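A short worksheet on the structure shown next.
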Number of protein chains: 2
Amino acid sequence: MGEVEQKEVNVTPIQAKTLAGKVYESIKSDIIRGELSQGSKIVESELALKYGISRGPLREAIHRLEQMKLILRVPHAGSRVVTLDIKTMHDIYTAREALEGMAARLAARHMSDEAIVSLQNLLDIHEQAISESEGKAYLQEEGNIDFHHRIANASQNQWILENLNGELYQLIRMCRYQSGQQPTRPATALAQHRQIASAIEQRDEELAELLMRRHINDAWKVVKKILELQHD
Amino acid sequence: MGEVEQKEVNVTPIQAKTLAGKVYESIKSDIIRGELSQGSKIVESELALKYGISRGPLREAIHRLEQMKLILRVPHAGSRVVTLDIKTMHDIYTAREALEGMAARLAARHMSDEAIVSLQNLLDIHEQAISESEGKAYLQEEGNIDFHHRIANASQNQWILENLNGELYQLIRMCRYQSGQQPTRPATALAQHRQIASAIEQRDEELAELLMRRHINDAWKVVKKILELQHD
DNA sequence: GAATTTTTTATTGTTGACAATTATTGGCTA
DNA sequence: TAGCCAATAATTGTCAACAATAAAAAATTC
């Protein structure tokens, strides 16, 4: 038998074996894609009818969405889809800067040599994708996400991992999706990714954290401009 | 019109106006105080009977506890009280270091002059309490918590605020409570608090973050020793 | 006697009806 | 007509019974 270990990491392993879980995924998708618009009211009986389930599991789905900060709920008054204004997004990017900076530091400490090689291979593929197809925005975006996921995984910190993958990335995806952000500055981002990977390879924790924080801060500046342009 | 802005921050404003909310608070207290021991199984019907409510709101309370990472739930198999082993606590303290370090940086940027004065007054009171009553462990602990709360509030970052006050502090309180940790090194902690307050007063963001991270890292070392001593 | 299959039991997931609360509307008074 | 109060409607919170799933126990077979 091969000693190949299954690198299955618990990144929301489709625990949608229950009705509430499935509906949670559906509504989450609707919110991120903007089908349920920001700030719109959530009425339990409506959604229960729409998804063909009773109010019990739907309620549980709503609670999970509240946990993911995708909806805001006030007792006896119902719930609304979250509104991603500039202040909210700034808070999120700042928190992300802190957590992912720490994740990069931990990755420099814990990432295996093979994982580092694999990470750099990923960046090679990313570079190729950029030069070959200048329009393939989607692939570039996926590559970007993949890079950050690997750093978070390599941190081996369960709390940071869950919060990055869970709340933060989803809210960022939602913002990106609904503001129609193109894969801005792909070459610049790639260069920064290479720097970070290099710092990790050299086991330079301090530098890895510094570069990651700078990288995320740069990303925020771009997002901020887009949001300001949009909401004026 | 006075330009005085209401600085009311949403620190869990006792939204226990519903049955589920009250029972959530009760169970949370039981878990933190160890009445429901770590790793013990949670049976819905039992708890519903114990607290005199039906399974509906109890289920909601359980979901909230899961959200706060106080219990772990697996579909169709029930839920268990979380077990705070050393690895878990290390993850939590590391995440706290990242978030609260950033909070200190933001506090140095945003905290009002009056709030800074008030913060230093708090430290004076803390110092007095230490010298006067060497045994009043509880008060010292409360002062410690109060200090960190004020920093988190001053960050004006909703995400960081909610996650520090919500999940992280509660898990830390639970660990502290159940391991019977005395208010270790009160003089040292106070000195570090003064340093941090001073950095904030001087609006030195870099220093404030650095000192806060060092402070939390020191606290972790103490906790780690206690846990190692306990679980051997 | 050990292992596997089947039956039983315990626990969670789901449902629809009922109660409580809040928001809305209509009517009344100043 | 404007403002306030009461009645109504809509929505959330709660309950108890039912269905489905998974764990535990018993029985059967090799």
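None of the values given here were measured: they were computed from a predicted structure. By convention in this document, chain letters (A, B, ...) are assigned in the order of the sequence lines, proteins followed by strands, and residues within each chain are numbered from 1.
The CD atom of A:Glu44 sits 6 Å away from the C1' atom of D:dT12 (whole-angstrom rounding). Atom CG in A:Leu47 sits about 13 Å away from atom C1' in D:dT11, given to the nearest Å. If you take CD of B:Glu60 and P of C:dG13, they are 15 Å apart, rounded to a whole angstrom. Between the NE2 atom of B:His63 and the C1' atom of C:dT12 there is a distance of 10 Å, given to the nearest Å. Between the OH atom of B:Tyr51 and the P atom of D:dC15 there is a distance of 15 Å, rounded to whole Å. In this structure, A:Leu19 places its CG atom 20 Å from P of D:dC18, rounding to the nearest Å. Put simply, NZ on A:Lys17 is 14 Å from C1' on D:dA20, counting in whole angstrom units. Atom-to-atom, CZ of A:Arg59 to P of C:dT12 comes out at 20 Å; the value is rounded to the nearest Å.
Within 6.0 Å of atom NZ in B:Lys87, more than 12 heavy atoms from other residues, nucleotides or ligands are found, so the atom counts as buried in its surroundings. For A:Ile32, the CD1 atom counts as densely surrounded, since its 6.0 Å shell holds more than 12 non-hydrogen atoms of other residues, nucleotides or ligands.
The line from CD of A:Glu66 to CZ of A:Arg73 is 5.0 Å long, rounded to the nearest 0.5 Å.
Heavy-atom minimum distance, B:Ala95 versus A:Asn157: N-ND2, 4.3 Å. The nearest pair of heavy atoms linking A:Ala104 to A:Ala208 is CB-O, 3.6 Å.
Across B:Arg213, B:Arg105, B:His148, a single residue satisfies side-chain hydrogen bond (donor to acceptor under 3.5 Å, both in side chains) together with B:Glu100, and that is B:His148.
Between B:His193 and B:His215, the ring planes lie perpendicular to each other; the angle is over 60°, past the 30° to 60° tilted range.
At the heavy-atom level, B:Ile42 lies under 4.0 Å from the strands shown only through sugar-phosphate atoms.
Counting only heavy atoms from C-beta outward, the side chains of B:Leu58 and B:Ile27 approach each other to under 4.5 Å.
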Is there a salt bridge (Lys or Arg N to Asp or Glu O under 4.0 Å) between A:Lys28 and A:Glu25 once you walk through the steps? CA-CA 5 Å; A:Lys28 187 176 77 178; A:Glu25 293 291 342; 3.4 Å; yes
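Checking C:dT14, C:dT11, D:dG13 against every side-chain atom of B:Val43, the shortest atom distance belongs to C:dT11. Closest contact between the side chain of A:Pro57 and the listed nucleotides D:dT14, C:dT15, C:dT12 involves C:dT15.
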Can you tabulate the close N/O pairs, meaning under 3.5 Å, that link protein atoms to atoms of nucleotides 16-25 of chain C?
none

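For the pair A:Arg73 and D:dT11, the criterion of a side-chain N or O lying under 4.0 Å from OP1 or OP2 is not met. Listed pair A:Thr18 / C:dT14 meets the phosphate criterion, a side-chain N or O lying under 4.0 Å from OP1 or OP2.
Between its two ends, the helix from C:dG1-D:dC30 to C:dA30-D:dT1 turns its axis by 10°, counting five pairs per end and rounding to 10 degrees.
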